[in-house]
Every structure is written in structure tokens, then in C-alpha cells.
Amino acid sequence: MRKNIVAGNWKMNNDLKATKTLVKQIKKSLKKTKLKNTRVIIAPTFTNLPSAVKRCKKSKIEVAAQNMHQATSGAFTGEISAEMLKSVGVKTVILGHSERRAYFGETDALLAEKVNAALAHKLEVIFCFGEELADRKANKEEAVVESQIKNALFHLEADAFKKIVLAYEPVWAIGTGETASPEQAQDMHAFIRKTLADKYGNGVADSVSILYGGSVKPANASEIFGKPDVDGGLIGGAALKAEDFHAIITAF
Ligand code: PEP
């Protein structure tokens, strides 16, 4: 059975002190919470990963990075490799977030390299993709999503999908307060699963967790997560408040 996942993308928020505080609050909030088939992941900034990993040991929280470079090492000033993430105990990395695509020029081809590097180092990948508002207005959302997935992932063998989580994040819904309706999310998630099934078969398609991201909040989480092909969420703003994050985790 595929897992439900609630992952908090903290983006460029929280210094070391704030990271320690938020980790402590989330741990406390989860202490008496029974997680049914649900993984909880947080993704703090690079500098705070070692502290978060240390504090989340023996807790219900896993720690992910928000990005990584595709090379193992070398002259890439300011970058962080998969090996470096592994060396501080990180096991999961978010790749392809729309902010990385928009502000740092990350293309599908580059993301395919990053995915390869992450998997080669046995890191799990949360792979993000999603259409822009203009694509949806032009009824091109499925074509855009299909090409993002195919270009970055469809060179992989079926087995690789054991280490891949998909995160559908319509760009028009990220940080805007605008959420895809539960029906829009379900329609797209079903399309994504069918795209996977057409290429790899139902076994792979049914086993991959597909998260929704885009202004998920305590008020809308259970309706979105209630849809059959939505296996949880990648959460931005609402992941920065322990109370809201906990309400989303328990929304299944
Ligand atoms: C995100 O950044 O992945 C995200 C979904 O942000 P928000 O929840 O703030 O829309």
C-alpha cells in the first residue's frame, strides 16, 4: 500500500534558533498523534539540516533537503552534493520545485541529471512539477505536466520509482492562497497515475505516492487528501506553524 506523506518545505525561512524551536514544537505536537500509514517530512535550509536531523532522530519526523547539485564534487561554488546531504543523515531531497525552475533556471534536462545523481546516492526524491496559470487557461495543463514527468523521469527503470515521490504543484496555487479544487487535484493526480501506468504498468503507478502542493491549509487539507489519488501534500507557508502543520498531518 502506498504511503501518505505530509512534507513541509520551509524554503529560505528559519535561522538555526527558529529551526530548533519549530522542530521542538512539531515533535511535541506529534507525541500523542497516531500516524496511520503517514510519513511526516520537513525540509529546512541546508545550514540547518544537521541540527534538524539530530533533533528528529527517534522521532516521527524525517528530514529532507530542498535541492542539491547533480555533480558528486568539484568546482561548483556554493553548491551542495548528494554525498554531502547523505553525510549529515539526510535521506530525501526535493527536486524541481517551481521556484528552482523559475528563479534558478532549472530545466527538465537538468532535473533528469539531478534525479540520476540523487538515486545513484540512494537518496529518495520528491519530484515537483506543475503547470502555470497560462497553461491551464489554454487547457494545456495535462500536456505540460506529462512533458515535465516524461522529460525528467521516463529514462528511469521501473525499479527507480521505489525511491520517487511525485508532487503536483500548480504554479498558480503556490504561495498565492489560490488552491486547486479537490476535483482539479484529483483529475490531475489520476492523469499522472495513468501516465505512469501507460509507461511502467499498474504496479508502479499504484505504488507511487503523489502529493498535492499549493496553498494547502488546515481548512482545505482533509477535502483534498480525501481524494483517492491524492496521497498527501507538499506544504509551504502552513508548514512554518507547528499547529497548522499538525492539523494538516492529521487531516487524512
Ligand atoms: C510549496 O512551496 O511547495 C508550496 C506548496 O507552498 P504553499 O503551501 O505556501 O503554497
Side-chain angles (χ1 to χ4, degrees), residues 4-14 18-19 22 26 38-46 48-49 52 61-68 90 92-106 111 114-115 118 124-133 135-136 141 144-145 148-149 152 164-182 184-186 188-189 192 209-225 227 229-252:
N4 292 325
I5 299 172
V6 177
N9 173 14
W10 291 7
K11 312 192 185 188
M12 200 172 72
N13 294 296
N14 291 334
T19 296
L22 187 52
I26 297 170
T38 301
R39 293 171 61 194
V40 176
I41 301 175
I42 57 168
T45 52
F46 285 132
N48 299 324
L49 288 171
I61 309 166
E62 301 170 46
V63 179
Q66 298 173 18
N67 180 35
M68 54 162 253
V90 168
T92 302
V93 61
I94 298 171
L95 293 176
H97 191 280
S98 64
E99 287 150 18
R100 299 292 319 168
R101 293 175 189 258
Y103 308 143
F104 303 96
E106 296 199 356
L111 290 167
K114 289 193 176 200
V115 168
E124 175 188 48
V125 173
I126 299 177
F127 183 75
C128 307
F129 52 90
E131 83 282 1
E132 305 209 8
L133 187 57
D135 302 322
R136 187 161 275 268
E141 66 271 19
V144 168
V145 160
Q148 288 172 324
I149 295 173
I164 291 184
V165 171
L166 298 180
Y168 167 60
E169 299 205 300
V171 179
W172 48 271
I174 296 180
T176 58
E178 183 97 26
T179 320
S181 70
Q184 283 174 320
Q186 168 57 26
M188 183 57 89
H189 283 223
I192 294 162
S209 298
I210 308 178
L211 315 185
Y212 169 79
S215 300
V216 176
K217 315 182 249 301
N220 59 23
S222 53
E223 227 194 317
I224 297 171
F225 295 174
K227 294 294 177 192
D229 285 298
V230 179
D231 306 310
L234 183 55
I235 319 298
L240 297 171
K241 268 194 175 169
E243 202 183 324
D244 288 355
F245 193 51
H246 183 261
I248 293 169
I249 293 164
T250 52
F252 286 102

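Quick note: residue numbers are just sequence positions, from 1. Just follow the structure's listing: the first ligand is 1, and inside any ligand the first atom is 1.
Looking from atom 9 (O) of ligand 1 to the surrounding protein, the closest heavy atom is G237 N, 2.9 Å. Looking only at protein heavy atoms, the nearest one to atom 3 (O) of ligand 1 is E169 OE2, 2.6 Å. Protein heavy atom closest to atom 1 (C) of ligand 1, with residue, atom name and distance, is H97 NE2, 3.2 Å.
Within the 4.0 Å heavy-atom criterion, the part of N9 lying near ligand 1 is the side chain and not the backbone. If you look at S98 next to ligand 1, there are no close heavy atoms at all, none under 4.0 Å.
The shortest N or O to N or O distance between G175 and ligand 1 is below 3.5 Å.
When all heavy atoms of Y168 and E131 are compared, the pair lying nearest together is OH-OE1, 2.8 Å. Minimum heavy-atom separation, L234 to L211: N-CB, 4.1 Å.
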- Message: Run the side chain to side chain donor-acceptor pair (under 3.5 Å) test on W10 and Q66 for me, step by step, so that the C-alpha distance in whole Å, both residues' side-chain angles and the decisive distance to 0.1 Å come before the verdict.
- Response: CA-CA 8 Å; W10 291 7; Q66 298 173 18; over 6 Å; no
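Ring pair F225/F252 is parallel by interplanar angle, where below 30° counts as parallel and above 60° as perpendicular.
The closest non-hydrogen atom to atom 7 (P) of ligand 1, taken over G236, C128, G213, comes from G236.
No donor-acceptor pair under 3.5 Å is formed between the side chain of Y103 and the backbone N or O of G105.
Using a 4.5 Å heavy-atom cutoff, the side chains of Q186 and I224 are not in contact.
Here is the list of ligand 1 atoms found below 4.0 Å of a heavy atom in A173: 10 (O).
Residue contacts with ligand 1: G214 is included, with a non-hydrogen atom under 4.0 Å away.
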